[in-house]
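Atoms within each ligand, like the ligands themselves, are counted from 1 in listed order.
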Amino acid sequence: MFNEKKILLGVSASVSIYKSCELIRQLRKEGFEVKVALTKEAQSFISPLLFESLSSNKVYTDVLEENTHIGISHIELAKWADAIAIVPATAHIIAKLAHGLADCPVSLVSLASDKPKIIAPAMNSKMYENIATQDNIALLKKRGFVFVEPTVGELACNSVGVGHIAEVEDIKEAIESLFFEKTLTGKTIITTASSTQEEIDPVRYISNHSSGKMGFAISQMAFNMGANSILISGPSNLKTPYGVKRINVKSAIEMLNAIEQQIQQYDKDNIYLIMAAAISDFKPKQPSNQKIKRQNKDTLILELEQNPDISKSIKEKYPYIKLIGFAAETNDLIENATVKIEKKGLEFIVLNDVSRKDIGFGSPNNEVTIIFRDGKIKHLPLMSKKEVAYNILKYI
Ligand SMILES: Cc1cc2nc3c(=O)[nH]c(=O)nc-3n(C[C@H](O)[C@H](O)[C@H](O)COP(=O)(O)O)c2cc1C
């Protein structure tokens, strides 16, 4: 998705510098080309040779030794980059950027560039909370720099506090988000994901194979495209996408309640619900309070009752909401999906053929068909779930 996009990674002398190595690897895996500029002090922490090897590009290390023949001059680099990411960013480099200094490769290229800039601060909490640093950050935010906020965590100085660099995956996702047009600004998109668990007894449940990857990808892409993105997820180990508000639930009833709570908080005219979760149609009628024992039973009969049809009941109670459904079918695909559009009042439905092993449940890829209210059909060929998410959200 990001082939031919170019990132200049500015690296400064923080103890978290090793995270920038992993970031290069992850960015290149997504298709980005990466070039690196190092502050002088950063070069005492890690040799430029390692960055050269990880990025497969020459590294910019000295403002006085520019080499235009190999594309290392601050002006050329500034023009080359589609975005600049400063990771990790010390208090010192943040101060220099805020005050327009240009005495090292990172500050010099940044000053010469009008491209989007993203900063991942990393420092001791006293340095981070210092009014000087906070004022510098506020100034840069005002000028449009995007900050991937540091977290509270264990710091290198054996203390715990704010200043711990954000997760590499989050920094990567924040960089990716720079490359999308913000066509969904002003909209709230609630996405449900993963499966639900319906308790049989305190240790057992009924569930299904849904991994949640599709719904997580949609919520991430909704944020990338500028929406207020809310993810309501059944149990899942997947990482919360950067910029997304996540609410965890277990059962279908909990999911229904969580959706209602969210809907009630947002503007009626601009709210969408994307039902990508695989919700159990049935649940045990009387879950046992105690673990069911084998004892002398040869068979066990579980009586199941229907869960509420979440899409249908939400649409009945909140008719203004724009609903997008997912259908996981194994047979009579188009017919079954078309019936659901009418029954549940959907804008459109995304149809998965879960009988195919190469797509759907757990796979990083998907091939789907979108069926619209007016009967139009759009087939999306096999692509990553991220790309599927983008193509679905284009219809919102
Ligand atoms: C081992 C070590 C770790 C450091 N870690 C940090 C850090 O995480 N954040 C920070 O702001 N400064 C840190 N510093 C201080 C910076 O390296 C120092 O302010 C330096 O001048 C920053 O230079 P630069 O911003 O040009 O790379 C550290 C210093 C040392 C010796």
Atom 29 (C) of ligand 1 sits nearest the protein heavy atom F45 CZ, 4.0 Å
Where on M127 is there a heavy atom closer than 4.0 Å to ligand 1, on the side chain, on the backbone, on both, or on neither? side chain
Shortest protein heavy-atom distance from atom 20 (C) of ligand 1, along with the residue and atom involved: E41 CG, 4.1 Å
In terms of residue, atom name and distance, what is the protein heavy atom nearest to atom 9 (N) of ligand 1? A122 O, 2.8 Å
Ligand 1 and H92, any nitrogen or oxygen pair closer than 3.5 angstrom? yes
Near-ring test F51/Y60, centroid separation under 6.0 angstrom: no
Taking side chain as C-beta onward, heavy atoms only, is T192 less than 4.5 Å from L231? no
Judged by modelled atom types alone, do N228 and T188 share a side-chain donor-acceptor pair under 3.5 Å? yes
Apply side-chain contact (heavy atoms from CB on, under 4.5 Å) to Q262 and I232, showing your working. CA-CA 9 Å; Q262 292 307 309; I232 301 181; 4.1 Å; yes
Counting from 1 in the order shown, the ligand 1 atoms closer than 4.0 Å to a non-hydrogen atom of V15 are 3 (C), 4 (C), 5 (N), 6 (C), 7 (C), 8 (O)
For atom 6 (C) of ligand 1, what's the nearest protein heavy atom and its distance? S14 CA, 3.6 Å
Go through ligand 1 atom by atom and flag the ones less than 4.0 Å from a non-hydrogen atom of T90. 10 (C), 11 (O), 12 (N), 24 (P), 25 (O)
I want to know if ligand 1 touches S12 in the polar sense, i.e. an N/O pair below 3.5 angstrom. no
Any salt bridge linking D82 with K115? Criterion: basic side-chain nitrogen under 4.0 Å from a carboxylate oxygen. no
Which is closest to atom 17 (O) of ligand 1 by heavy-atom distance: G10, A13, G163? A13
Atoms of ligand 1 less than 4.0 Å from I93 heavy atoms? 25 (O)
Tell me the protein heavy atom at minimum distance from atom 11 (O) of ligand 1, and give that distance in Å. A91 N, 2.8 Å
Do R28 and E33 sit within salt-bridge range, that is, some charged N less than 4.0 Å from a carboxylate O? no
Any ion pair linking E30 and K386 (charged N to carboxylate O, less than 4.0 Å)? yes
So, regarding N124 and ligand 1 (criterion: nitrogen or oxygen to nitrogen or oxygen, under 3.5 Å), is there a contact or not? no
Under 3.5 Å between any N/O of K96 and any N/O of ligand 1: does that happen in this structure? no
Check against side-chain contact (heavy atoms from CB on, under 4.5 Å), L140 and K117: CA-CA 10 Å; L140 290 172; K117 293 178 196 78; over 6 Å; no
Verify whether the ring centers belonging to Y395 and F372 lie closer than 6.0 Å. yes
